[in-house]
Amino acid sequence: MKNSSQIVFVGLSGGVDSAVTAMLLKEQGYRVVGAHMKNWSKDIGGFECPWEDDYQEAKRVAVYLGVEFVLLDFEQHYFDKVVQYMLDEFRIGRTPNPDVMCNQEIKFKLFLEAAVDRGADLIATGHYARTHDGKLLRAVDDNKDQTYFLYRVTKDALDKTLFPLGELEKPQVRALATQAGLPNANRKESMGICFVGKIGIKDFLSEYIDTESGDIVEKGQVVGRHDGAIFYTIGQRHGLGLGGGMPYYVTGKDMEKNEVYVTRDLADQSLWSEYIDLTSPHFIDSSYGPSSLEGVTLQVRTRHRADFVDCVVAAGSSETSPIRLNLSSEIKALTPGQSAVLYRADECIGGGIIA
RNA sequence: UCGGAGAUCGUCUAAUGGUAGGACACUGGGUUUUGGUCCCAGCAAUCUAGGUUCGAUCCCUAGUCUCCGAG
């Protein structure tokens, strides 16, 4: 077979997507090694960590497919690079995206290095995305496209990465799993932070960060109490315990005063932004940058599965935010700490963190 | 203290002399590999005591409480 000389390490999470990924690559003739990353194993607040189940499921898949299986223990590194980052961001009142960091630091860096060390030519994951000549392209299945989470990977990593699911629709993936009789074909999708399992973010943060209750303020008036400003994120509507007529949305917060600001007016100026200041920009093709893109019109997405909005790249307002994106239409509830990801048609070219 | 107004789900409110609808909150489910959003479902109320009436949340009386004016 044409690919028989190539060794591919496939990240096997225990879920259906990565199992089908491994299966497809094996069918294509690659020498597949199933690798399960152990990133977290701690039980928290009465919630049992699912890692043992995930590990067993991943191993079952490998055995079923008849491929080699390895366990890669990244727990310490994951804590240092992903969890610590997440906690630090929350502490200063921002809303981080740990899965973006996980892809940047773990899956497409540490995992890649570990795989290469063990003789891999390539790695693969069950992400819905496509690569072409070191470019990152949106998945064929628009509903499942996961490029939003992948914009911080490098071209070098993409050159060594396969995303077979990027060409498929999710229902096809399910069908393939069922046809092949994969042991986890009917496994429920797992959601939430990839490692935390069923525990909510609030319980997770409470384990690591002390919080105090404070005021919820609307137009200068105290309208309620919250149990810790870090738990709230811009645009959030639930969890405030405030009733009466129109829903309340969080418009901002002051970590010093420990105050959370809300509005019931959807037209409230504080809820809408006409530009985005980006910090820590990253471009997959490192020849791109603030200067080469200035004046260029791109599409930006400020959350997973959000609509694309046209924007024009401009110079930033400071060293820490070297890029400003001027939006063609205002975006609601822009959230500092979340990612703004840039596209040119089907290509994801990079992005940055919302200042 | 006097004058005026009003008391309905946890909150904001709708309604009729025939036992109450909506919204928000909350809870559960769905969508989503972050947070959040969004969608569906569920929970839940006529201040108290009398009176009129076949029947009162609605009308009358008293009480309690609240709010707005004048001190």
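Residue numbers start from 1 in every chain, and the chains themselves are labelled A, B, ... in the order their sequence lines are given, proteins ahead of strands.
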A:S287 side chain to A:D285 side chain, donor-acceptor N/O pair below 3.5 angstrom: yes
Ring geometry between A:F69 and A:Y55 (parallel below 30°, tilted from 30 to 60°, perpendicular above 60°): tilted
Separation between the P atoms of B:C68 and B:G29, rounded to whole Å: 44 Å
d(CD1, A:I230; C1', B:U34) in whole Å: 15 Å
Sugar-phosphate, base or nothing in reach of A:Y249, heavy atoms under 4.0 Å: sugar-phosphate
Mate of B:G55 where both pairing distances stay under 3.5 Å, Watson-Crick or G-U: none
Base paired to B:A49 (Watson-Crick or G-U; both N/O distances under 3.5 angstrom): B:U61
From B:G35, B:U37, B:U34, nucleotide with atom closest to A:N97 side chain: B:U34
Rounded distance (Å) that lies between atom P of B:C38 and atom CD of A:Q236: 11 Å
C1' spacing across the pair B:C54 / B:A70, given as an integer number of angstrom: 47 Å
Short side-chain to backbone donor-acceptor contact, A:D254 and A:K257, under 3.5 Å: yes
Residue met sooner reading RNA chain B from 5', once A:P247 and A:Y232 are mapped to nucleotides: A:P247
Sugar-phosphate, base or nothing in reach of A:G224, heavy atoms under 4.0 Å: nothing
Gap in Å between the two P atoms, one belonging to B:C40 and one to B:U46, rounded: 28 Å
Euclidean distance, atom CD of residue A:E218 to atom P of B:C12 [Å, nearest integer]: 13 Å
Contact under 4.0 Å: A:R303 side-chain N or O vs B:U32 OP1/OP2: no
Inter-nucleotide P distance (B:U64, B:A49), Å rounded: 15 Å
A:F308 and A:Y343 aromatic ring geometry - parallel, tilted or perpendicular at 30°/60° bounds: perpendicular
Mutual orientation of the aromatic rings belonging to A:H282 and A:Y151 [parallel < 30°, tilted 30-60°, perpendicular > 60°]: perpendicular
B:U1 and B:C38, which share atom name P, separated by this distance in whole Å: 49 Å
Aromatic ring proximity, centroids under 6.0 angstrom, A:F149 and A:H304: yes
Any side-chain donor near an acceptor of the partner, A:S321 and A:D277, under 3.5 Å: no
Crowding at CZ, A:F79 (>12 non-hydrogen neighbours, <6.0 Å): yes
Nucleotide B:U34, atom C1' - distance to NZ of A:K107 in whole Å: 11 Å
B:G36 OP1/OP2 closer than 4.0 Å to side-chain N/O of A:Y148: no
Phosphate OP1/OP2 of B:A25: any A:R237 side-chain N/O under 4.0 Å: yes
Donor/acceptor link under 3.5 angstrom from A:T335 side chain onto base of B:G35: yes
Integer angstrom distance from the P of B:C2 to that of B:C9: 29 Å
Any A:H238 side-chain nitrogen or oxygen under 4.0 Å from OP1 or OP2 of B:U37: yes
Length of the line joining A:Q146:CD and B:U34:C1', which is rounded to integer Å: 12 Å
Who pairs with B:C2 - Watson-Crick or G-U, where each distance is under 3.5 Å: B:G69
C1'-based separation of B:G18 from B:A41 [nearest Å]: 30 Å
Exercise: do A:D310 and A:Q299 side chains pair donor with acceptor under 3.5 Å: yes
G-U wobble or Watson-Crick pairing nucleotide for B:A15 (cut-off 3.5 Å, both distances): none
Base paired to B:G42 (Watson-Crick or G-U; both N/O distances under 3.5 angstrom): B:C26
Sole residue of A:W40, A:F231, A:F90 in ring-ring contact (aromatic ring centres under 6.0 Å, His included) with A:F204: A:W40
Under-4.0 Å side-chain N/O to phosphate OP1/OP2 contact, A:R264 with B:C12: no
Sub-4.0 Å heavy-atom contacts from residues 338-350 of chain A onto RNA chain B, ordered by number: A:Q338
d(CZ, A:R301; C1', B:U37) in whole Å: 14 Å
RNA chain B: 5'-proximal contact among A:N103 and A:Y248 (nearest heavy atom): A:Y248
A:K253 NZ to B:G36 C1', straight-line distance once rounded to whole Å: 11 Å
Nucleotide forming a Watson-Crick or wobble pair with B:A20, both distances under 3.5 Å: none
Length of the CD1-P vector between A:I234 and B:G36, whole Å: 13 Å
Pairwise P distance for B:A5 and B:U57, with rounding to whole Å: 23 Å
